[in-house]
Amino acid sequence: MSSPSPSSSLAQVRQARLDKIQRLREMGLNPYPSRASRTHFCADILERFEEIEGQKVTVAGRLMSWRKHGALSFGHVQDQTGRVQLYVRRDTLLPTDAAENRLGYEHLNLLDVGDIVEAEGEVVRTERGEISVKAERIRLLTKSIRPLPEKWHGIQDREIILRKRYLDVTHNPEQLKRYELISRMVFEVRRFLDARGFLEFQTPVIQPQYGGGTARPFTTHVNALDCDMYLAISHELYLKRLIAAGFDRVYTVGRYFRNEGIDRTHHPEFSMVETMTAYADYTFNMDLIEELFRHLATHVFGRTTFNVAGHAIDFGQPWRRVSMADAVLEATGVDFRNITSPDEANARLREMGLTEEQPTVGHAMAYAFEEKAAPGLIGPALVYGHPVEISPLAKPMAEDPRFAERFEIFIAGMECGDNWSEQNDPVTLLERWKQARDLAGADPEEHHPLDYDFIEVLEHGIPPTTGIGPGIERMAMIFLELENIDDIIFFPLMKPVVSPVNRAIYGIEERPGLPSRLPAVTLDPESFSQLVRDDVFRPLAKTILVRPHLQVWAQGAPRKAWHATVSYEIGGLLDHNRLVVTGPTLTAQSEEEFERLCEAATENGANGFAETLKEKFRGCRVEFAPVSREHAPRVAQEG
RNA sequence: GGGUCGUUAGCUCAGUUGGCAGAGCAGCUGACUCUUAAUCAGCGGGCCACAGGUUCGAAUCCUGUACGACCCA
């Protein structure tokens with residue numbers, strides 16, 4: 001066998017390591033065994049050194065460094081708890097043994113930094129004073145064939161950190177610790193609620209209506225039911241159904257999906273713990289949320305004061321509780337409780353320098369609060385008693401029905417949660433819902449569709465109920481003192497990419513990409529064929545992909561007519577634009593006829609110019625993608 | 001949505017006025033019995049993000065595109 005060529009592009013480094021695997025196999029060793037026999041974690045050995053010095057232990061983990069020094073070698077093994085040094089001597093390491101998958105000293109060059117290894121030996125302190133495992137046996141557990149990032153600087157490129165978090169975390173144990181804390185935080189949320197008699201439930205992520213909040217949903221299609229559905233924007237309405245069923249304290253640690261912007265504090269997919277408590281009002285939740293934060297601070301993070309956006313926030317003290325009217329009075333000197341007309345309220349706003357006209361006294365007070373009082377609430381503070389005009393889903397207060405049984409959490413001037421006594425009067429709720437829909441039109445950020453099934457639940461009756469929904473990531477950002485949600489979410493959402501290096505290594509063929517938001521160049525089939533014959537197009541890839549597309553704009557009822565337009569998207573000829581070739585418009589009187597026409601049009605139409613493509617570009621494959629179909633949005637189902 | 005910036009070897013980064021593409025780590029070969037960013041000697045490794053343009057000549061200047069970061073709303 002020829003020695004590996006001395007070179008080091010990634011592909012060549014990888015090949016050198018694959019060659020080592022080959023040599024291991026020839027020696028009868030398994031580069032990917034399944035059995036490991038760790039007895040101690042690294043941190044145990046370091047922390048309990050006095051106790052276990054001289055004992056024989058087995059550690060296992062990733063080999064993070066390797067320093068060969070003639071008949072003596074040193075390295076570090078890293079596991080979930082930390083790193084411990086391996087101290088290896090030629091004269092005391094047992095020789096290679098295939099049955100034990102063991103490597104002797106002369107074969108240690110088959111190991112690489114990054115491999116997963118196991119070492120058995122005595123716990124000692126080296127002459128230089130480092131606590132180490134003096135290895136008698138070294139076993140390879142997993143051969144790594146990709147090099148780790150630079151050992152001193154690690155990964156600096158933010159994009160690679162986010163895309164390959166596992167590499168960043170491998171290099172930075174403090175990052176590993178951070179994600180461990182987030183995991184422990186969720187565990188403690190469960191323990192906290194469990195201790196208070198709450199039961200955890202799984203609620204559906206795929207929902208037929210996107211109720212329980214106002215946000216743009218992700219849409220999906222359930223094939224088995226042939227039905228469009230939505231990913232949960234909230235789990236609230238299902239928790240209330242559980243209350244209707246007779247459970248009095250329920251919660252879910254749920255996944256929430258909102259098809260909206262991504263920024264420092266927002267991510268399309270996130271988690272919340274959402275509770276629902278029967279036979280309690282919003283004051284119960286004011287206590288609950290305060291205790292929850294205090295519990296997490298002390299039990300997970302071991303302290304009560306945290307630096308949030310430059311402010312020292314102490315969760316150990318009782319939180320300030322202030323009515324919104326009092327908060328505004330304090331900040332502006334105006335008591336909106338004494339104001340009776342919108343005109344007067346707007347006059348007061350103008351005196352404060354707030355010029356946006358407000359429709360009601362309640363709106364005016366909320367506006368003044370948001371602009372003048374909220375930024376000063378360093379807190380943590382609980383602001384209660386919102387105007388009913390802006391609280392359609394909350395119950396009005398019995399003692400003053402102008403204000404709702406509702407509170408918001410403020411930490412360092414930021415709103416961190418919204419909670420209320422749930423409106424359980426089905427008639428009132430249905431009215432409010434319809435009003436909101438009429439006001440907002442079709443914007444899902446302003447209202448959500450009517451969920452008659454849920455109204456029916458309320459008609460059967462649910463007890464007085466109240467819930468909280470603190471966000472997992474938001475809480476983690478506060479407790480970990482981080483301002484970027486990407487530092488909390490281990491796998492942030494990013495556009496998929498394939499690096500040129502991986503393309504080469506794995507032999508991934510460059511597929512004609514069809515990103516839909518590129519501007520389109522549209523041609524009729526005759527012009528297109530002519531341009532192909534005139535050598536206007538040059539293929540950019542080995543495959544030219546033809547993707548037939550059906551835009552269905554009428555389907556059956558109410559007029560018993562079927563209409564669709566056919567088009568063909570051609571991938572692999574244009575780089576910065578989509579290339580679209582138009583097709584026929586189909587009209588049919590029955591579903592069977594329509595399906596027949598669709599089939600014929602997508603095949604025959606494509607073949608018309610496909611023949612030209614095949615003739616002209618003989619070196620390329622002309623492939624057909626499955627037909628995609630788009631239905632025009634259904635109009636006015638209701639009313 | 002707006003602005004600013006980035007993209008050079010697997011990783012971290014240089015690259016002057018537009019003139020042969022550079023280093024460290026990692027890799028390969030060898031030496032070395034207490035190293036820990038080991039050291040020493042030697043050897044390799046590049047679609048300078050992509051596509052155009054200007055130019056005798058472009059990593060460098062111009063335009064566009066992609067991906068990303070930061071700031072603002």
Side-chain angles (χ1 to χ4, degrees), chain A residues 2-20 23 46 63-78 82-93 105-106 108-115 124-135 144-164 167-168 170-172 260-266 483-487 492-505 510 513-519 538 540-541 573-578:
Chain A
S2 64
S3 64
S5 65
S7 53
S8 69
S9 73
L10 177 65
Q12 288 160 329
V13 170
R14 186 170 168 276
Q15 188 55 52
R17 294 194 179 191
L18 288 170
D19 291 344
K20 289 182 183 177
R23 281 156 68 195
L46 301 182
L63 189 64
M64 295 304 289
S65 64
W66 190 248
R67 297 175 293 280
K68 200 164 162 285
H69 206 291
L72 210 55
S73 290
F74 300 89
H76 278 96
V77 163
Q78 173 175 299
R83 292 179 185 184
V84 75
Q85 180 169 262
L86 296 186
Y87 165 39
V88 190
R89 295 176 62 100
R90 181 158 53 201
D91 54 4
T92 53
L93 185 71
Y105 202 86
E106 71 278 17
L108 289 182
N109 61 349
L110 295 175
L111 288 183
D112 286 290
V113 170
D115 287 352
V124 300
R125 201 187 275 277
T126 58
E127 280 175 26
R128 290 297 192 88
E130 180 159 352
I131 296 168
S132 306
V133 172
K134 187 178 165 192
S144 157
I145 57 174
R146 287 245 179 180
L148 284 176
E150 212 265 350
K151 66 181 172 188
W152 193 239
H153 301 93
I155 301 176
Q156 297 297 320
D157 185 328
R158 179 88 179 146
E159 181 174 353
I160 301 180
I161 290 175
L162 298 180
R163 286 189 191 279
K164 305 182 187 179
L167 286 180
D168 186 46
T170 296
H171 194 267
N172 295 304
E260 292 167 4
I262 299 176
D263 63 30
R264 215 171 44 213
T265 56
H266 295 87
E483 292 178 10
N484 198 326
I485 200 166
D486 282 348
D487 292 324
L493 196 62
M494 300 184 85
K495 278 206 177 186
V497 294
V498 181
S499 69
V501 171
N502 280 356
R503 222 182 269 288
I505 289 177
E510 200 136 359
L514 298 172
S516 58
R517 58 199 186 88
L518 291 178
R538 296 251 163 242
L540 302 169
L573 291 182
L574 288 186
D575 207 16
H576 297 306
N577 296 85
R578 285 185 300 143

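Here is how names work: the chains are called A, B, and so on, in the same order as the sequence lines, proteins then strands, and each is numbered from 1. What's counted below: heavy atoms across the whole structure, side chains too, no hydrogens, waters or symmetry copies. All figures in this text were calculated on a predicted structure; none of them were measured in a lab.
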Quick one: do the A:Gln85 and A:Arg67 side chains pair a donor with an acceptor below 3.5 Å? yes

Just verifying a value: how many Å separate A:Lys20 NZ and A:Leu110 CG, rounded to the nearest 0.5 Å? 6.5 Å

Taking the minimum atom-to-atom distance to the side chain of A:Gln156, which one of B:C13, B:C72, B:C25 wins? B:C13

Partners of A:Tyr105 by ring pair (Phe, Tyr, Trp, His ring centres under 6.0 Å), sequence neighbours excluded? none

Contacts of A:Ile160 meeting side-chain contact (heavy atoms from CB on, under 4.5 Å) (sequence neighbours excluded), chain-then-number -> A:Ile155, A:Asp157, A:Lys164

Provide the distance between the two P atoms, one in B:G15 and one in B:G52, to the nearest whole Å. 28 Å

Report the nucleotide, chosen from B:G45, B:C67, B:G27, that has the shortest atom-to-atom distance to any side-chain atom of A:Arg163. B:C67

With the side chain defined as heavy atoms from C-beta on, A:Glu130 is closest, among B:G45, B:U36, B:C34, to B:U36

Between B:C40 (P) and A:Lys68 (NZ): distance, integer Å: 17 Å

Provide the distance between the two C1' atoms, one in B:C62 and one in B:G18, to the nearest whole Å. 13 Å

How far, in whole Å, is B:U55 from B:A41 if one measures between their P atoms? 49 Å

Looking at residues at least two apart in the chain, or sitting in another chain, which of them share a side-chain hydrogen bond (donor to acceptor under 3.5 Å, both in side chains) with A:Glu159? A:Arg163

Residue list, side-chain hydrogen bond (donor to acceptor under 3.5 Å, both in side chains) with A:Asn484, at least two apart or on another chain: none

Residue A:His69, side-chain atoms from C-beta onward, closest of B:C11, B:C28, B:C34: B:C34

Determine the Euclidean distance between corresponding P atoms of B:U29 and B:C70; express it in Å to zero decimal places. 42 Å

Is A:Arg264 near enough to B:C71 that one of its side-chain N or O atoms lies under 4.0 angstrom from OP1 or OP2? yes

Report the secondary structure of RNA chain B in dot-bracket form, marking unpaired bases with a dot and bases paired to a different strand with |, and treating Watson-Crick or G-U pairs with both distances under 3.5 Å as paired. (((((((..((((.....[..)))).(((((.......))))).....(((((..]....)))))))))))).

Nearest to the A:Phe74 side chain among B:C11, B:C34, B:U36, which nucleotide is it? B:C34

Have a look at A:Leu167 and say if it touches a base, only the backbone sugar-phosphate, or nothing, with a 4.0 Å heavy-atom cut-off. nothing

Check the phosphate of B:A26 against A:Lys151, side-chain N and O only, distance under 4.0 Å to OP1 or OP2. Yes or no? yes

Winner on side-chain proximity to A:Leu162, out of B:G27, B:A69, B:A38, is B:A69

Distance check, rounded to the nearest 0.5 Å: A:Leu162 atom CG versus A:Asp487 atom CG? 8.0 Å

Nearest-nucleotide pick for A:Trp152, side chain only, options being B:G45, B:C34, B:A37: B:A37

Spacing of the P atoms in B:G45 and B:G3 (rounded, Å): 44 Å

Counting heavy atoms from C-beta on, name the nucleotide in B:C28, B:G68, B:U36 closest to the side chain of A:Arg67. B:U36

Whole-angstrom distance between B:A23 and B:C43, as gauged at atom P: 11 Å

How close or far is atom P of B:C25 from atom CD of A:Glu150, stated in whole angstroms? 9 Å

Who pairs with A:His171 by side-chain hydrogen bond (donor to acceptor under 3.5 Å, both in side chains), at least two apart in sequence or on another chain? none

Taking any heavy-atom pair under 4.0 Å as a contact, classify A:Arg146: base, sugar-phosphate, or nothing. nothing

In whole Å, I'd like the distance from the CG atom of A:Asp112 to the P atom of B:G10. 17 Å

Out of B:C11, B:U33, B:G10, whichever nucleotide has its closest atom nearest the side chain of A:Pro149: B:C11

Would you classify A:Lys20 as touching base, sugar-phosphate or nothing, given that sugar-phosphate means primed atoms plus P, OP1 and OP2, and contacts are heavy atoms under 4.0 Å? sugar-phosphate

